[in-house]
Amino acid sequence: MHFSIRRTNFKTTDKEDAIAEVVRVYLDYYELDNRSRTRIERIYREMLEQVPSETQIFSYVSYGGVRLEVSKV
């Protein structure tokens, strides 16, 4: 799977790197400190678990205006 964040031109195939980056972008965007990190990370993890199986070509999860795109290609 490929993960990307257009806002920062971030791309990776590592799910953990994608989660870390999307949380960093979210915290930066809303000017939050690290106290919110665990909650935001949990929200994105739960949303990624809901992404359809490998048969899906493109999908995304979005929370608070910060979108993490997921694709097969």
Side-chain angles (χ1 to χ4, degrees):
M1 299 295 279
H2 296 266
F3 303 92
S4 63
I5 303 169
R6 287 187 187 180
R7 183 175 297 223
T8 60
N9 205 23
F10 174 83
K11 295 179 183 178
T12 187
T13 56
D14 184 355
K15 182 178 177 181
E16 294 304 313
D17 286 348
I19 291 171
E21 179 66 7
V22 76
V23 169
R24 186 196 67 75
V25 169
Y26 184 94
L27 294 176
D28 186 54
Y29 182 76
Y30 287 103
E31 298 178 352
L32 299 172
D33 58 20
N34 279 330
R35 292 179 293 176
S36 302
R37 180 175 297 279
T38 303
R39 181 176 59 85
I40 302 305
E41 185 175 302
R42 180 180 41 81
I43 290 169
Y44 275 102
R45 283 186 189 283
E46 289 173 1
M47 289 191 302
L48 279 175
E49 288 175 8
Q50 303 301 317
V51 171
S53 69
E54 295 275 350
T55 59
Q56 188 75 11
I57 293 174
F58 174 82
S59 189
Y60 69 90
V61 295
S62 180
Y63 179 72
V66 179
R67 179 171 160 163
L68 175 63
E69 297 177 351
V70 182
S71 65
K72 274 182 74 171
V73 193

So how far is it from [X] [atom1] to [Y] [atom2], rounded to the nearest 0.5 Å?
{"X": "Leu48", "Y": "Ile43", "atom1": "CG", "atom2": "CD1", "value": "12.5 Å"}
{"X": "Ile19", "Y": "Asp14", "atom1": "CD1", "atom2": "CG", "value": "9.0 Å"}
{"X": "Ser4", "Y": "Leu68", "atom1": "OG", "atom2": "CG", "value": "7.0 Å"}
{"X": "Ser59", "Y": "Gln50", "atom1": "OG", "atom2": "CD", "value": "10.5 Å"}
{"X": "Asp17", "Y": "Phe10", "atom1": "CG", "atom2": "CZ", "value": "5.5 Å"}

Looking at every non-hydrogen atom in both residues, tell me the closest pair between [X] and [Y] and how far apart they are.
{"X": "Ala18", "Y": "Ile5", "value": "O-CD1, 4.5 Å"}
{"X": "Val61", "Y": "Val51", "value": "CG1-CG2, 3.8 Å"}
{"X": "Ser71", "Y": "Phe58", "value": "CB-CD1, 4.1 Å"}
{"X": "Tyr63", "Y": "Tyr44", "value": "O-OH, 3.2 Å"}

- Query: Are Arg24 and Glu41 close enough, and set up right, to give a salt bridge (Lys or Arg N to Asp or Glu O under 4.0 Å), and what steps lead you there?
  - Reply: CA-CA 9 Å; Arg24 186 196 67 75; Glu41 185 175 302; over 6 Å; no
- Above 12 or not: heavy atoms from other molecules or residues under 6.0 Å from CZ of Arg6?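 Not more than 12 within 6.0 Å, no.
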- Considering residues, nucleotides and ligands other than Tyr30, do more than 12 of their heavy atoms fall under 6.0 Å from its OH?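 Counting other residues, nucleotides and ligands, OH of Tyr30 exceeds 12 neighbours.
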- Using the salt bridge (Lys or Arg N to Asp or Glu O under 4.0 Å) rule, take Glu46 and Arg42 through it: C-alpha gap first, then chi angles, then the decisive distance, then the call. CA-CA 6 Å; Glu46 289 173 1; Arg42 180 180 41 81; 3.8 Å; yes
- Would you check, one step at a time, whether the test side chain to side chain contact (heavy atoms under 4.5 Å, CB included) holds for Glu21 with Phe3? CA-CA 10 Å; Glu21 179 66 7; Phe3 303 92; over 6 Å; no
